[in-house]
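Worth knowing before you read on, the calculation uses all heavy atoms, side chains too, and leaves out hydrogens, waters and symmetry mates.
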Amino acid sequence: MAVQMDQLVALCKRRGFLFQSSEIYGGLQGFWDYGPLGVELKRNVREAWWRDMVTSHNELEIDNGAPATYEMAGIDCSIIMHSQVWKSSGHYDLFHDYMVDCRESKRRYRYDQVCGRWVTCKGQRIFVASDVSGDEAIELTQHKAMKFFNLRGKDADQLAWDGTLISLTNVPNFGEVLGPDAKTLGTLTEPREFNLMFKTIAGALGGEEDTVFLRPETAQGIFVNFKNVCDSTRVRVPFGIAQMGKSFRNEITPRNFTFRSREFEQMEIEFFCHPASSPQWYKYWRDRRYQWYLSLGLAGERLRLRDHEKEELSHYSVGTADIEYAFPFLAPGEFGELEGVAHRGDFDLRSHIEGKLVRKGDELVVELDAEGKPRHRGSGKDLSYFDELTKERFVPHVIEPSAGADRATLAFLCEAYNEDEAPDENGKPTKRVFLKLHPRLAPIKVAVFPLVKKDGMPEVAREIYKTLKPHMTVFYDEKGAVGRRYRRQDEVGTPFCITVDSQTLEDGTVTVRDRDSLAQWRVHKDECLGDLRSRLST
RNA sequence: GCGGGUGUAGCUCAACGGUAGAGCGGUAGCCUUCCAAGCUACUUACGAGGGUUCGACUCCCUUCACCCGCUCCA
C-alpha cells in the first residue's frame with residue numbers, strides 16, 4: 001500500500017520523530033530536527049550500519065561474494081578541513097562558480113571556461129562552443145560545425161567563421177549556442193552561481209585567507225587520512241575505512257521532507273584495493289549494500305539497484321550504481337537515491353598527491369592555470385601503497401559506497417507505514433496505523449503494561465520493566481484501556497508489548513503481543529528477557 | 001529559480017471587519033480484566049512583520065514555511 005506522504009509527515013510530527021528546524025521562528029528551509037523517537041530510530045540506522053560494516057566484520061574469513069578477505073577500520077574526521085582539501089578534490093571549483101548546464105548531455109561547465117566561435121553557414125549564424133582552448137578548440141569547433149551543418153570535408157569552405165575564439169560570457173543569447181557536447185542548439189542553461197559549500201571563518205580576524213568550508217561530503221576526510229590509518233593500524237590492502245557524520249550542501253531547492261536537506265548525515269566507506277581486482281570489489285560492494293537495505297526490511301519491489309549509463313558517469317568514475325527507493329513523494333515509477341556505489345579509480349588519492357585533476361582524453365591530468373602551473377596543487381605527500389608481499393608499489397583504487405543516513409531513515413519510515421483494521425472491544429473493525437519497522441530499527445523494543453491499574457498488577461509490571469530496562473529501550477504505561485495503549489505503541493513501531501494480567505498473579509506468566517500479527521502468547525515473566533532478545537535479534 | 005495553492009489548538013476541520021468553536025488527542029481523577037469504551041475536570045491556536053480601520057484571524061503589502069507542477073539535483 002502506498003503511503004500518503006502528508007500522513008507520514010503528520011505522524012512524524014505528532015509522535016516526535018521529526019520536526020522542522022527552528023519551528024517556533026517559522027522554520028528554516030532544508031533543515032530538520034529529530035525528536036525523541038526519531039533520534040532513536042536514526043541512531044539505530046547508524047548503529048546497524050556501523051555494526052554490520054565495521055565492528056562485526058570478520059577479516060579472517062572471506063565474506064560471501066567477496067574476492068578475498070579484507071579489513072575494516074573506522075574514523076571520525078572534523079567537519080571543517082583545510083581549504084586546500086576542497087580545492088584539490090575539485091569541490092571548490094565545482095561548487096563556487098557560475099556554471100552552465102547542458103540539458104542534452106547533462107554535463108556542467110564553468111561559465112568562464114567555455115569558449116567558442118561564431119560561424120555562418122546556409123544562412124544560419126551559430127556559436128560553436130568548446131570546453132577546451134587554443135588550437136584544440138579551433139579544431140574541435142571546426143569539426144562540430146561541419147557535423148552540425150551536415151557538411152563533407154570538401155565543403156569546409158562553406159563555413160564562414162566570424163572572428164576567433166571568444167568566451168561564452170560574451171554571448172547574450174544561448175538559443176544560438178551549440179553546447180560543447182551537444183548536437184542541437186540552445187541546450188545550455190543560463191549561467192547560475194553555485195555556492196553549494198557553506199562558508200565560514202576560522203580565526204577571529206576573519207580575512208579572506210581565513211575562509212573555510214563545512215564539508216560537502218565526509219569522503220575527503222578519509223582520503224586525507226589514508227596514510228595515517230595505514231601507518232597506525234597495520235592494515236593491508238585491501239581494506240576499507242568507514243565514517244559517519246554530518247555534511248552540508250547549500251542545495252538550491254531542498255524538497256520532499258528530509259530527502260534533500262542542506263545539513264545531512266552520511267555513512268561512507270572508502271574501500272582501497274589493487275587496481276587489478278577493483279572491478280570485482282566494485283561488484284561485491286554494490287551487491288552487498290543492496291542486500292543490506294533488503295535485510296532491514298525495504299521491499300524488493302520498491303528498492304532497486306541501478307547501474308549508471310556510461311554517459312552518466314562522473315569524469316573520474318569507472319562504474320557507478322545507485323541504490324534507489326520508490327519514495328511515496330515521487331511520481332509512480334520514479335526512484336530516489338539512497339546510496340551511490342562508485343568505482344572511483346585512483347582519482348581521489350592522486351588528487352591529494354598531485355593536485356586537482358581533469359580528464360584529458362582517456363587520462364586524468366593535473367589541471368593547469370594560465371601560467372602552466374597546477375590550478376590547485378596537491379599535498380605533495382606520497383599516498384601510494386607498498387605491498388610487502390609482492391614488493392609492488394601502487395596507488396590503490398577506491399570503491400565508494402556512500403549512503404545517506406537521513407534518506408535511509410526516511411525510506412524505512414515510508415516502508416514501515418501501514419494501515420489495517422483491528423477489532424475494537426465490540427469486535428467491530430476499526431482503522432489501525434502501525435509502523436512495521438524492523439526490530440533492529442524500532443525506537444522502542446518493548447512496552448510493559450499492567451492490564452488494569454489494581455490488584456498488584458502495576459507492581460509486577462514495574463518489576464519486569466526494571467529487569468528489561470538495562471538491556472533495551474522499554475516503555476511503561478498503565479494509563480487507560482489496554483487497547484489504547486497497544487494502538488499507541490503500534491503507531492511508533494514497537495514490535496512487542498508485555499501485559500501483566502490476573503493469570504500472572506497465579507502462575508507468573510505474562511502475555512506477549514506481536515505488533516504485526518496481533519498474535520498473543522504467554523511467557524513466564526522470568527523468561528521475558530531471553531525470549532525478547534532472541535526475537536529482536538532476527 | 002519560475003508558476004499555482006495553503007498557513008486557525010498536538011492532529012483534522014469550522015466561523016466572523018466587533019468575545020475564535022467542534023471532533024480527535026493530551027493531562028488528572030473515577031471506572032475498566034486484552035485491542036482507540038464511558039463519565040468528570042483541565043489543557044492548547046489565528047506562521048511572522050507592517051499597513052488600512054474606532055476595531056483585522058478576516059482587507060492590502062512584505063516576508064517565512066509547506067504542498068503541487070516546471071527547473072535543478074557533487
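When only modelled atom types and interatomic distance are considered, A:Ser351 and A:Asp348 share no side-chain donor-acceptor pair under 3.5 Å. Remark: the A:Ser89 side chain and the A:Gln220 side chain contain no N/O donor-acceptor pair separated by less than 3.5 Å. For A:Tyr325 and A:Glu415, the side-chain atoms include at least one donor-acceptor pair closer than 3.5 Å.
Judged purely by atom type and a 3.5 angstrom limit, A:Ser402 has no side-chain atom pairing as donor or acceptor with the backbone of A:Gly340. Distance alone, capped at 3.5 Å, is enough to place a donor-acceptor pair between the A:His343 side chain and the A:Gly345 backbone.
Spacing of P atoms, B:C46 relative to B:A9, comes out at 8 Å, to the nearest Å. Taking atom P on both nucleotides, B:C67 is separated from B:A28 by 34 Å, rounded to a whole Å. Only the C1' atoms considered, B:G25 is 11 Å distant from B:A36, to the nearest whole Å. Only the P atoms considered, B:A41 is 12 Å distant from B:G23, to the nearest whole Å. Rounded to a whole angstrom, the distance from the C1' atom of B:A14 to that of B:G7 is 15 Å. For the P atom pair drawn from B:A56 and B:A20, the interatomic distance equals 13 Å after rounding to whole Å. Spacing of P atoms, B:G21 relative to B:A37, comes out at 28 Å, to the nearest Å. Straight-line distance between the C1' atoms of B:A48 and B:C57: roughly 14 Å, to the nearest whole Å.
Taking the ring axis of A:Phe248 as reference, the NZ or CZ atom of A:Arg262 does not stay both within 45° of it and closer than 6.0 Å to the ring centre.
The CG-P distance, from A:Asn256 to B:C72, rounds to 16 Å in whole Å. Per the geometry, CG belonging to A:Leu196 stands 13 Å off P belonging to B:G1, to the nearest Å. Spacing between atom CG of A:Leu451 and atom C1' of B:C31 amounts to 14 Å, rounded to whole angstrom units. Rounded to whole angstrom, the span from the CZ atom of A:Arg522 across to the P atom of B:U33 amounts to 16 Å. Between the CD atom of A:Glu23 and the P atom of B:C64 there is a distance of 18 Å, given to the nearest Å. Between the CG atom of A:Asp6 and the P atom of B:G10 there is a distance of 19 Å, given to the nearest Å. Atoms NZ (A:Lys13) and P (B:A45) sit 14 Å apart, rounded to a whole Å. One interatomic measurement links the two molecules: CG of A:Asp516 to C1' of B:C35, which rounds to 15 Å at whole-angstrom precision.
For a distance-only test at 3.5 Å, the side chain of A:Arg513 qualifies as a donor-acceptor partner of the base of B:C35. Evaluation of atom-type donor-acceptor distances gives no pair under 3.5 Å for the side chain of A:Glu251 against the base of B:C72.
Looking at heavy-atom distances under 4.0 Å, A:Leu518 makes contact with a base. The residue A:Phe31 sits apart from the nucleic acid: no heavy atom pair falls under 4.0 Å. Base contact: A:Asp455 has a heavy atom under 4.0 Å from a base atom. A:Lys479 comes within contact range of the sugar-phosphate backbone alone, with a heavy-atom separation under 4.0 Å but no base atom that close.
Two residues, A:Tyr25 and A:Ser502, neighbour RNA chain B, and the one matched to the more 5' nucleotide by heavy-atom proximity is A:Ser502.
Of the candidate nucleotides B:C67, B:U33, B:G10, B:G10 has the atom lying nearest to any side-chain atom of A:Arg14. The side chain of A:Arg255 sits closest to B:G1 out of B:G1, B:G29, B:U33. For A:Gln20, the listed nucleotide lying nearest its side chain is B:A65; candidates were B:A65, B:U33, B:G10.
Partners of A:Lys87 by salt bridge (Lys or Arg N to Asp or Glu O under 4.0 Å), not counting sequence neighbours: none found. Taking A:Trp86 as the reference, A:His91 meet the ring-ring contact (aromatic ring centres under 6.0 Å, His included) condition, with sequence neighbours excluded.
Base-pair partner of B:U63: B:G47 (Watson-Crick or G-U wobble, both distances under 3.5 Å). Under the Watson-Crick and G-U wobble criteria, each requiring two contacts below 3.5 Å, nucleotide B:A37 is left unpaired. For B:C13, the paired nucleotide is B:G21, the pair qualifying as Watson-Crick or G-U wobble because both relevant distances are below 3.5 Å. Taking a pair to require two hydrogen-bonding distances under 3.5 Å in either a Watson-Crick or a G-U wobble arrangement, B:U32 remains unpaired. In this structure, B:C72 makes no Watson-Crick or G-U wobble pair, since no nucleotide meets both defining distances under 3.5 angstrom. When Watson-Crick and G-U wobble pairs are counted only if both distances are under 3.5 Å, B:U53 pairs with no nucleotide at all.
Of the residues in residues 482-490 of chain A, those lying under 4.0 Å from RNA chain B by heavy-atom distance are A:Val482, A:Gly483, A:Arg484, A:Tyr486, A:Arg487, A:Arg488.
In terms of heavy atoms, A:Thr320 sits closest to A:Tyr282 at C-OH, 3.1 Å.
Each of A:Lys431, A:Arg515, A:Arg432 was compared with A:Asp490 under the salt bridge (Lys or Arg N to Asp or Glu O under 4.0 Å) criterion, and only A:Arg432 meets it.
At B:U32, one or more side-chain N or O atoms of A:Lys454 fall inside 4.0 Å of OP1 or OP2 (strictly under the cut-off). Between A:Gln29 and the phosphate of B:C64, there is no side-chain N or O to OP1/OP2 separation shorter than 4.0 Å.
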